[in-house]
Amino acid sequence: MMGLTNHLRIFLALEPCDMRKSFNGLAALAEQMKPAALKNGGLFLFTNKRRNRFKALYYDHTGVCVLAKRLEVGTFSWPDPSEPNQKQLTLSPQALQLIFDGVDLRNGTLRPWYEQESES
C-alpha cells in the first residue's frame, strides 16, 4: 500500500474536479497535469467545489489506486494558486499530512471543524 515517504511526489489540482470521476477520468486529469508522472509514482489529489471531498490517484506499479474521503463537517484547507492561471501545486508529504489533519496551511491553525474528542 501507499506510504507518505519523503520521496513521494505529490501533485495537487487547484481547480475543483467532478467527484464522479474514477480511475480513467482521474488518470486523464493527472496526465494533463504532469504527463507520465502517474506511472512514475506520483500521487495526484483532486477536490470538489465545496472542498469537503477529495480523491487521490496513485499507481503502485501493479495498478492504479483511488482513495476518496468525505468530511462529515467542515472543509479541507485547499491551497490557493500562488501565480495567475496556476492549475496545480507540488506538495511535500508533510504539507499533505497537515491538510489531512485539518490544519489551515495559510496560518498554521486547526480548522474550526477539527477538534480531537477528549477521552472521558
Side-chain angles (χ1 to χ4, degrees):
M1 199 58 197
M2 181 188 74
L4 293 179
T5 67
N6 286 334
H7 302 292
L8 183 63
R9 294 177 23 235
I10 302 167
F11 305 102
L12 181 135
L14 293 171
E15 295 180 355
C17 169
D18 181 349
M19 287 289 108
R20 294 174 291 184
K21 291 185 185 296
S22 189
F23 296 94
N24 294 338
L26 294 174
L29 291 175
E31 186 67 21
Q32 290 174 0
M33 287 171 60
K34 286 283 187 191
L38 180 60
K39 293 284 177 125
N40 290 321
L43 171 68
F44 289 83
L45 299 170
F46 306 93
T47 189
N48 62 343
K49 285 182 186 179
R50 292 179 48 204
R51 305 281 194 238
N52 66 340
R53 297 172 189 233
F54 86 83
K55 284 191 176 181
L57 185 72
Y58 179 72
Y59 180 74
D60 70 355
H61 301 290
T62 63
V64 179
C65 306
V66 174
L67 170 71
K69 181 168 183 170
R70 178 188 71 204
L71 293 176
E72 297 298 324
V73 177
T75 59
F76 290 106
S77 175
W78 216 251
D80 293 323
S82 57
E83 300 172 9
N85 300 319
Q86 186 177 17
K87 305 278 188 215
Q88 72 206 28
L89 285 176
T90 302
L91 292 182
S92 69
Q94 295 83 4
L96 176 58
Q97 189 62 54
L98 290 172
I99 291 172
F100 288 165
D101 288 344
V103 174
D104 187 333
L105 297 178
R106 289 176 276 284
N107 60 18
T109 60
L110 288 176
R111 304 283 290 181
W113 59 265
Y114 188 87
E115 185 176 317
Q116 295 287 336
E117 293 183 23
S118 60
E119 294 181 27
S120 303

K.L.:
Side-chain heavy atoms nearer than 4.5 Å, only ILVMFWY residues, links allowed to pass through others: does that put Tyr58 and Val66 together?
P.N.:
no

K.L.:
Check whether any side-chain heavy atom of Phe44 sits under 4.5 Å from a side-chain heavy atom of Leu29, and report yes or no.
P.N.:
no

K.L.:
Just say parallel, tilted or perpendicular for the rings of His61 and Tyr59, cut-offs at 30° and 60°.
P.N.:
perpendicular

K.L.:
Please give me the minimum heavy-atom distance between Phe46 and Ala30, naming the atom from each residue.
P.N.:
CZ-N, 4.2 Å

K.L.:
Would you say Trp78's side chain and Ala13's backbone share a donor-acceptor pair under 3.5 angstrom?
P.N.:
yes

K.L.:
Counting only N and O atoms by type, is there a donor-acceptor contact under 3.5 Å from the side chain of Asn48 to the main-chain atoms of Met19?
P.N.:
no

K.L.:
Other residues, nucleotides and ligands only: do more than 12 of their heavy atoms fall within 6.0 Å of CZ on Arg51?
P.N.:
yes

K.L.:
For a quick test of reading the model, state the closest non-hydrogen atom pair linking Leu38 to Ala27 and the distance between them.
P.N.:
CD2-CB, 4.1 Å

K.L.:
As an exercise, state the distance from CD of Gln88 to NZ of Lys34, rounded to the nearest 0.5 Å.
P.N.:
5.0 Å

K.L.:
Indicate, with yes or no, if Phe23 and Leu43 share a hydrophobic cluster defined by side-chain heavy-atom contacts under 4.5 Å among Ile, Leu, Val, Met, Phe, Trp and Tyr.
P.N.:
no

K.L.:
What are the two closest heavy atoms between Cys65 and Asp60, and how far apart are they?
P.N.:
SG-OD2, 4.0 Å

K.L.:
Considering non-hydrogen atoms only, spot the tightest contact between Gly42 and Phe11 and give its length.
P.N.:
CA-CE1, 4.2 Å

K.L.:
Locate the shortest heavy-atom distance separating Ser77 from Ile99; write the atom from each residue and the value.
P.N.:
O-CG1, 3.9 Å

K.L.:
Does CG in Asn24 sit with more than 12 non-hydrogen atoms of other residues, nucleotides or ligands closer than 6.0 Å?
P.N.:
no

K.L.:
What distance do Met33 atom CE and Leu26 atom CG have between them, rounded to the nearest 0.5 Å?
P.N.:
10.5 Å

K.L.:
Rounded at 0.5 Å granularity, tell me how far CZ in Arg50 sits from CZ in Phe76.
P.N.:
12.5 Å

K.L.:
Find out if a path of hydrophobic residues (ILVMFWY) with successive side-chain heavy-atom gaps under 4.5 Å connects Leu45 to Leu71.
P.N.:
yes

K.L.:
Return the CD1 to CD distance between Ile10 and Gln97, rounded to the nearest 0.5 Å.
P.N.:
9.5 Å

K.L.:
So which heavy atom on Ala37 is nearest to which on Arg9, and how close?
P.N.:
CB-NH2, 3.6 Å

K.L.:
Is the backbone N or O of Arg53 less than 3.5 Å from a side-chain atom of Thr47, with the two atoms forming a donor-acceptor pair by type?
P.N.:
yes

K.L.:
In the single-linkage hydrophobic clustering (I, L, V, M, F, W, Y; side-chain heavy atoms under 4.5 Å), do Leu14 and Leu57 co-cluster?
P.N.:
no

K.L.:
What distance separates Lys55 NZ from Arg70 CZ, expressed to the nearest 0.5 Å?
P.N.:
12.0 Å

K.L.:
Please state whether the rings of Phe54 and Phe100 are parallel, tilted or perpendicular, taking 30° and 60° as the class boundaries.
P.N.:
parallel

